[in-house]
Amino acid sequence: MKSFTMSSSSQANQTSFLEGLNPKQKEAVTYSDGPLLIVAGAGSGKTRVLTYRIAYLLQQFKAAPQEILALTFTNKAAREMKDRIFQLIGDPAHSLWMGTFHSVFSRILRVEAKKLGFGQDFTIYDTSDAETVIKQILQELNYDPKQIKPRTIHYKISDAKNQLIDPDTYAKKFIGSTLDNITSKVYTIYKKRLKDSNAMDFDDLLILPIELFDTDPQLLEKYQNRFRYILIDEYQDTNHAQYKVTKLLADKHHNLCVVGDDAQSIYSFRGADISNILNFKQDYTDAHQVPLEQNYRSTKSILTCADSIIKKNEKQLNKTLWTEKDYGEPIIVLENFDERDEANRVAQYILKLSQQAKFNYNQFAILYRTNYQSRVFEEAFRRHKIDYQLIGGLSFYQRKEIKDVLAYLKLLVNQFDETNLIRIINEPSRGIGQKSINDIRRASREQGLRVWELLEQVEETQVYRPAKVRIREFVNMMNEFREALTTKKVKLHELTRNVLDKSGYMKMLVEEQSHESLMRRENILEFINAISYYEKENNKTSLSAFLQEISLITDGDKFDESKPAVTLMTVHGSKGLEFPVVFVVGLEENLFPVGVKDNFDVDIEEERRLFYVAITRAQERLYFSHCSNRFKYGEEQRQIRSRFLDEVDTSVVRTETGATLRQRSDRFMSTRGANSNTENGEANPNENIVSAQKRRSSLGTTIEYDSAGKSPSHKSYSSLGSIDYDLNEGMDPFVVGAVVVHDKFGSGKIISRSGSGTQTKVVVFFKNRGQKKLMLQAAPLSLIKD
DNA sequence: GTGCTCCATTTTTTT
DNA sequence: AATGGAGCAC
């Protein structure tokens, strides 16, 4: 064990770093043992307090570095904290237990896996892996994944897991609705399937430690003793499982310090339970509370604006953020015709500000509600030669080619990993088709053997004969790789190259000769570089550890504040960051606040908190922007300005011309306001189409009698003499009110029509399938005459 | 068993 | 606009 020393030796100097803190901050840093709740408003120096507190604990010899556990939600936050503590205390910082909940507990699980019946080399399934498993199970149970969405089931299972409800309890408690019954069945199989695959999903990384500690009190005590001090960042975002596992760990020493801000709770969709922070003082009756209310980040205008928004929320702890700063510049609202207009305008502002006001590119951030909004900004910035960094969206490790390579490697480490085995058994295609794969899987269930075990004895299994040979070749190939891995004959990056060569994966990409496949090859090379780098950095290279580590990496990690580039990210991604100039874009109804989901109402208060988070990222200048038209689903939509713009304090807001913002206070009186423009049964945001007129082709639509001669059928054809419905509206029998038959959906009635020419769409209400929107030209619809 | 074409759906946010 | 599934031809 390394002993801890500060760089300076005198006691007076050792505490000198406390001098820059305000009284409340100092109190939070130096408050000694016992539970501590720090309610830290935006920009109040929260990370500083946390890092100083850790340094202080070490300096007072309250704990050794390895006895301190600091938990964050994102890798980004963890990294920042690590960096800052390293600056304070140097090398001992490396001995701290610090990271995201998921990474810290996966490390513990790696050590304790055997006690739970898992192998040390378990695979971590991400959301898409989990949905693949669920889809497979739905098919085995004869449910159509088109009607029962794997995503919905996964969401429900994840929800149950975070509430610590196991499949048996779920089966007892949640009988009734069809969806719950299906979820119950799938959940039971899903849990078993993952265990058989020696795999854990993200939720397991939190709930399995609880299971472990519940069943083994001695082990719990071991970890309780190890983590004598526990600190949790963003406590308002903890879900029940996270709450429970940290409560268990802190139960002996009670040295639990949590930092949070209920106003910034934006992850309830992931099960975050705001009551964890609201009830902290009931939970720990001896808890001490320190409020941090002085904001060091933003101008008074920005803070006033933020405050005016958050005040509209009813569920809210009272607190008053204040600043010593001046009002500064007013907040400017940009009104745009459409999203391209919006992106161009923002680009122009950035150019102007960077010249006039001497802002560097890395001082700007564009914040949006959804990832897909980034595209137009990328295009505009490229056009205007503005460097940018895009954070989030499809991450590197989610790309198909990377997931494929990873699947090979994961399979080498853990041959029971069924999902990744199926993923690559025929990728590149080697003559093992869907039929053979299904046969093997069925046999696997029937015989109680794992898929890999069956493959090993494929000769004795009922499979399409030609496929047997291919499977044998595949199995032998993988066994050779595994041999190379376990005997450590080759370095990891060499092994990866071998896998890509001998499997034919690279060959497949080379032969494809498309721009797409070239990109894929480049990504793969980048991945191999990442492995080489990892090998250089770590002397004890374990493929298994590497794979587990990167399973928990996201794109947020690549944010680099020193890179001279404008940052593009979602509001969620921006939490914890700050920028001198912030553009909050797409402030439109059904976008921000987000539009209705299938069955759930939008949590408008959470959307408002999200807007609050966006505002409070800004230090000096803040811009709001919205469009009156926007392309969505390949169609232009009419957009209504966000209600949030009717809620801001207009004394600090101006339009581009300097005028006061006009507001309507009565626009959304009901909390269900998000639905108010789509009250027509099934939500159908596509209804307000403004322009389908510009695009017109020679493709036309007409009515023909098919050879069976029963009823007129609707066909499309391409010819010069096509009929244009714009001019011949009367030719089209598919009018509102018409009764139609769809090949798949059965009979229904047309309830509305939109677009024109080839872009004509109809909304049909089907008796058995509900409302659907269809392209008239393409849909297999026929008219019923009566 | 593979690959192409047509159709339908998708968009919240993240570990 | 882009992705994925179903159905069909080879």
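In what follows, chains carry the letters A, B, and so on, assigned in the order in which the sequence lines appear, proteins first and then strands, with residues in each chain numbered from 1.
Counting any heavy atom pair closer than 4.0 Å across all strands shown, A:Arg151 reaches sugar-phosphate atoms only and no base atom. Residue A:Asn371 is classed as a sugar-phosphate contact, given heavy-atom separations below 4.0 Å to backbone atoms only. Backbone-only contact: A:Asn426 has heavy atoms under 4.0 Å from sugar-phosphate atoms and none from a base. Among the heavy atoms of the strands lying under 4.0 Å from A:Lys135 are primed sugar atoms or P, OP1, OP2 only; no base atom is included.
For A:Arg375, the side chain to side chain contact (heavy atoms under 4.5 Å, CB included) test picks out A:Glu379, with sequence neighbours left out. Residues passing the ring-ring contact (aromatic ring centres under 6.0 Å, His included) test with A:Phe105: none are found, sequence neighbours excluded. Applying the side chain to side chain contact (heavy atoms under 4.5 Å, CB included) test to A:Thr72 and every residue at least two apart in sequence or in another chain returns A:Ala77, A:Ala78, A:Met81, A:Thr100, A:Asp233. For A:Ser106, the side chain to side chain contact (heavy atoms under 4.5 Å, CB included) test picks out A:Ile124, A:Leu205, A:Leu552, with sequence neighbours left out.
Closest contact between the side chain of A:Lys632 and the listed nucleotides B:dT14, C:dA2, B:dT11 involves B:dT11. Closest to the A:Thr554 side chain, of the nucleotides B:dG3, B:dT10, B:dT15, is B:dT15. Each of B:dG1, B:dT15, B:dT13 was ranked by its minimum atom distance to the side chain of A:Thr370; first place goes to B:dT13.
Atom CZ in A:Phe611 sits roughly 18 Å away from atom P in B:dT13 (whole-Å rounding). For A:Asp233 and B:dT15, the CG to P distance is 14 Å, given to the nearest whole Å. Nucleotide B:dT10 holds its C1' atom 13 Å from the CD atom of A:Glu131, rounded to whole Å. The distance from atom NZ of A:Lys146 to atom C1' of B:dT10 is 12 Å, rounded to the nearest whole Å. Separating the NE2 atom of A:His154 from the P atom of B:dT15 is a distance of 15 Å, rounded to the nearest angstrom. At whole-Å resolution of the value, CZ in A:Phe631 and C1' in B:dT10 are 16 Å apart. Separating the OH atom of A:Tyr612 from the P atom of B:dT13 is a distance of 23 Å, rounded to the nearest angstrom. The nearest whole Å value for the distance from the CD1 atom in A:Ile471 to the C1' atom in B:dG1 is 13 Å.
Along DNA chain B, the nucleotide nearest A:Ser551 and the nucleotide nearest A:Lys435 are compared for position; the residue whose nucleotide lies closer to the 5' end is A:Lys435.
Within residues 99-106 of chain A, the residues that have a heavy atom under 4.0 Å from DNA chain B are, in order of number, A:Thr100, A:His102.
Between A:Phe644 and A:Tyr612, a ring centre-to-centre spacing not shorter than 6.0 Å is recorded.
Distances shorter than 4.0 Å separate none of the side-chain N or O atoms of A:Arg470 from OP1 or OP2 on B:dG1. Here A:Ser436 reaches the OP1 or OP2 of B:dG1: one of its side-chain N or O atoms lies under 4.0 Å away.
Under 3.5 Å, the side chains of A:Arg110 and A:Ser544 contain a donor-acceptor pair of N or O atoms.
The base of B:dT15 sits within donor-acceptor range of the side chain of A:Thr127, with an N or O pair under 3.5 Å.
The side-chain ring of A:Tyr372 is not stacked on the base of B:dT11, judged by centre separation under 5.5 angstrom and plane angle under 30 degrees.
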I'd like a table of donor-acceptor pairs (distance under 3.5 Å, sequence neighbours excluded) in which one partner is a side-chain atom from residues 461-469 of chain A, with atom names and distances.
from, atom 1, to, atom 2, distance (Å)
A:Thr461, OG1, A:Gln457, O, 3.1
A:Lys468, NZ, A:Glu459, O, 3.3
A:Lys468, NZ, A:Thr461, O, 3.0

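Ring planes of A:His572 and A:Phe269: perpendicular class, angle over 60° (limits at 30 and 60°).
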